[in-house]
There are 2 protein chains.
Amino acid sequence: MSLNIQYTIGQVAEKSNLSIHTLRYYEKEGILPFIKRNESGIRIYEDEHIEWLKFICCLRDTGMSISQLKEFVELTVQGDATIEERIQMLELQKKTVQDQVNTLMSYIGMIDFKIDRYSKEKAGIKSTGQPE
Amino acid sequence: MSLNIQYTIGQVAEKSNLSIHTLRYYEKEGILPFIKRNESGIRIYEDEHIEWLKFICCLRDTGMSISQLKEFVELTVQGDATIEERIQMLELQKKTVQDQVNTLMSYIGMIDFKIDRYSKEKAGIKSTGQPE
DNA sequence: ATAGTCCCTAGAGCAAGATCTAAGTCAAGT
DNA sequence: ACTTGACTTAGATCTTGCTCTAGGGACTAT
């Protein structure tokens, strides 16, 4: 429990696959409002921040915008009173992701169909000169 | 077969959920190089172009860039000789989409986990004041 | 004490993908 | 004849999400 490893921004950048620039940018945009500094003003990250970043990336990669992320973070900072609202947001986001998955699956079907068409064409069936 | 319905750009915009601007933009970028014009210079779209647009959107929505799309269209225009290469591209894109799906599924897991955590917290278990 | 390396800020710059503007053409309807 | 509305162009502008620059501070090793 007292094992509280701390990281500099460079180390976090490596761990999180985000650039140093991006980490500072996210902080400026209010997505990481809880990073402490040492006496010299250097950012000190802890494990929980890395975890948080992973989750942020999850939301971002599923299409949440920076400003929506900021909103979500603001709710989090406000504490218990906003838990219900946050659950709602996440439920909605989950639904969005499920829709994305369904859409992508249908796209796989379309690509397969086209591959099939090309394969037959390759086998010498036809050529219209038109895209198809 | 002689039922060859034609459309103006406005009609296509409605049918395809792309804006008129975007349709012209795509044409300028070489993604729709086969649209004929009438005597007045008005673009005439046909059903096959609408189909093609749907496929273009599929590739675009799965992360293919405008310039990659252009490349793909150029291969298509070149005809039979490029079929194998096009199949390769589509196979690769298909793999990309499958990876996307897998990633999204894991994200759903993360979101679920967080929802679960919030739900427990709501039930009165704890509150750290930290994002979690 | 000098170099090297990491950190800091504020703000500029960039790329992609649209999206819009200005100025104009064209055809149909009244 | 004239309005309406959909179309045309070239090119400017916008948005998002970074990404980088300039100028500087702080710590470590030589």
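Here is how names work: the chains are called A, B, and so on, in the same order as the sequence lines, proteins then strands, and each is numbered from 1. Side-chain atoms are counted along with the backbone in the values below, which use heavy atoms only and exclude waters and symmetry mates.
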Identified salt bridge (charged side-chain N to carboxylate O under 4.0 Å, His left out) partner of B:Glu27 from the options B:Lys70, B:Lys36, B:Arg37: B:Arg37
Value in whole Å for how far the P atom of C:dA10 lies from CD of A:Glu29: 13 Å
Whole-Å distance separating the CD1 atom of B:Ile56 from the C1' atom of C:dA18: 16 Å
Side chains of B:Arg60 and B:Tyr26 in contact at under 4.5 Å (non-hydrogen atoms): yes
side-chain contact (heavy atoms from CB on, under 4.5 Å) partners for B:Asp116, two or more places apart: B:Lys120
B/S/- contact track for nucleotides 2-19 of chain D, protein heavy atom under 4.0 Å: -----SBB-------BBB
Residue A:Gln88 excluded, over 12 heavy atoms near CD under 6.0 Å: yes
Whether A:Phe55 and A:Phe72 hold their rings parallel, tilted or perpendicular, with breakpoints at 30° and 60°: tilted
